[in-house]
Amino acid sequence: MVRKTLIAGNWKMNGLLEDGVALAKGVALEVKKAARKDCEFLICPPFTLLMSAKKAIKGSKTMLGAQDCHFDAKGAHTGDVSPQMLKDIGCQYVILGHSERRTDHGETNELIAKKAKSAIEAGLKVIICIGETEKERDEGKTINVCTTQIMGSVPENSTAQNTVIAYEPVWAIGTGKTPTANEVEEVHAAIRKVVSKKLGRANANKMRILYGGSMKPSNAKELLALPDVDGGLIGGASLKVADFIAISEACRQ
Ligand code: PEP
């Protein structure tokens, strides 16, 4: 089963106009030079940079995504942005259910599923994030937690074409710590089984499951070589062109 590797950058709340545009241009230039057919590239800047990043990546195969959206198409939701608005300005993807949103904004599986359903209906692809805390891992609850999150936050209209799962152990995000390669593969294989239960085997076989959490050039090769790891969702290292591209080089086929 060939699943095209996805290298996705989550810029989080980083970037002012000048450096954000320079970063997007830098990534686009390298993506163009690399001319990869086996790998897709996505950047997810903050809302304020989406339009200028879109211009900066024009003509390269770099895709554009946002980091969140509302479930409604429009209306009285001060401060929110709808999936239709993201689609309208050229986004192809939206990240949903990142652990920082689950923690900072109290997002539940139910809310994430609602957002994901609407985003898919609006024509976006969704990257749904799941992952256990350090305490949950220590208590041996990792697979249970991920199962509950998938069952609750992946909507019924998800397919392998419109949905990507990102396994991001909360304790590995921005900490420099990562699970061992065996641990990552164990969780990814379990996630694929749960997706199969929820959406059928065909979707599970084709659905991309990214690893996220302190992925960097030095550990990318080992992680991206795992059979059930289909790419990376990269935070800190996506803010440096050289690191982001070096991660993708680690999975050249
Ligand atoms: C993330 O927040 O999605 C992430 C994986 O961050 P980092 O790479 O910095 O750990």
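Each residue takes its place number in the sequence, starting with 1. Note that these values count all heavy atoms, side chains included, but never hydrogens, waters or copies made by symmetry. Order of appearance sets the numbers: ligands from 1, and atoms from 1 within every ligand.
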inquiry  = I'd like to know if the side chain of Asp19 and the backbone of Leu16 have a donor-acceptor N/O pair within less than 3.5 Å.
reply    = yes

message = I need the nearest protein heavy-atom contact for atom 2 (O) of ligand 1: residue, atom name and distance, please.
response = Lys12 NZ, 2.5 Å

query = Going by distance only, is there an N or O of Thr175 that falls short of 3.5 Å from an N or O of ligand 1?
reply = no

key: Per-atom contacts of ligand 1 with Gly236, taking only distances under 4.0 Å to non-hydrogen atoms   = 7 (P), 8 (O), 9 (O)

request  = Answer yes or no: is there an ion pair linking Asp68 with Lys115, defined by an N-O contact shorter than 4.0 Å?
outcome  = yes

inquiry  = Please confirm whether Lys216 approaches ligand 1 to less than 4.0 Å, judged on its heavy atoms.
reply    = no

task = With side chain to side chain donor-acceptor pair (under 3.5 Å) as the test, would you mind laying out the steps for His105 and Glu100 before giving the verdict?
result = CA-CA 8 Å; His105 300 274; Glu100 286 149 16; over 6 Å; no

query = Hey, what do you get for NE2 (His188) to OH (Tyr167), rounding to the nearest 0.5 Å?
reply = 7.0 Å

query = Can you list the ligand 1 atoms lying under 4.0 Å from a non-hydrogen atom of His98?
reply = 1 (C), 2 (O), 3 (O)

key: Closest protein heavy atom to atom 3 (O) of ligand 1, given as residue, atom name and distance to 0.1 Å   = Glu168 OE2, 2.7 Å

query = To the nearest 0.5 Å, what is the distance between NZ (Lys54) and CG (Leu64)?
reply = 8.5 Å

ask   = Any N or O on Gly213 sitting closer than 3.5 Å to an N or O of ligand 1?
value = no

inquiry  = At under 4.0 Å between heavy atoms, is it the side chain or the backbone of Cys129 that contacts ligand 1, or both, or neither?
reply    = neither

inquiry  = Under a 4.0 angstrom heavy-atom cut-off, which atoms of ligand 1 come close to Asn10?
reply    = 1 (C), 2 (O), 3 (O)

inquiry  = With a 4.5 Å cut-off on side-chain heavy atoms, are Thr133 and Trp171 touching?
reply    = no

ask   = How many angstroms lie between atom OG1 of Thr48 and atom CG of Leu50, to the nearest 0.5 angstrom?
value = 7.5 Å

message = As an exercise, identify every atom of ligand 1 less than 4.0 angstrom from a heavy atom of Ala172.
response = 10 (O)

ask   = Identify the closest protein heavy atom to atom 8 (O) of ligand 1: which residue and atom is it, and at what distance?
value = Gly235 N, 2.8 Å

request  = State the CD1-OG distance between Ile130 and Ser153, to the nearest 0.5 angstrom.
outcome  = 7.0 Å

task = Look at ligand 1 and say whether Gly174 reaches it with a heavy atom at a distance under 4.0 Å.
result = yes

query = To the nearest 0.5 Å, what is the distance between CE (Met63) and SG (Cys44)?
reply = 9.0 Å

task = Please could you name the atoms of ligand 1 that Ser214 approaches to less than 4.0 Å, counting only its heavy atoms?
result = 7 (P), 8 (O), 10 (O)

query = Do any nitrogen or oxygen atoms of Ile173 come within less than 3.5 Å of a nitrogen or oxygen of ligand 1?
reply = no

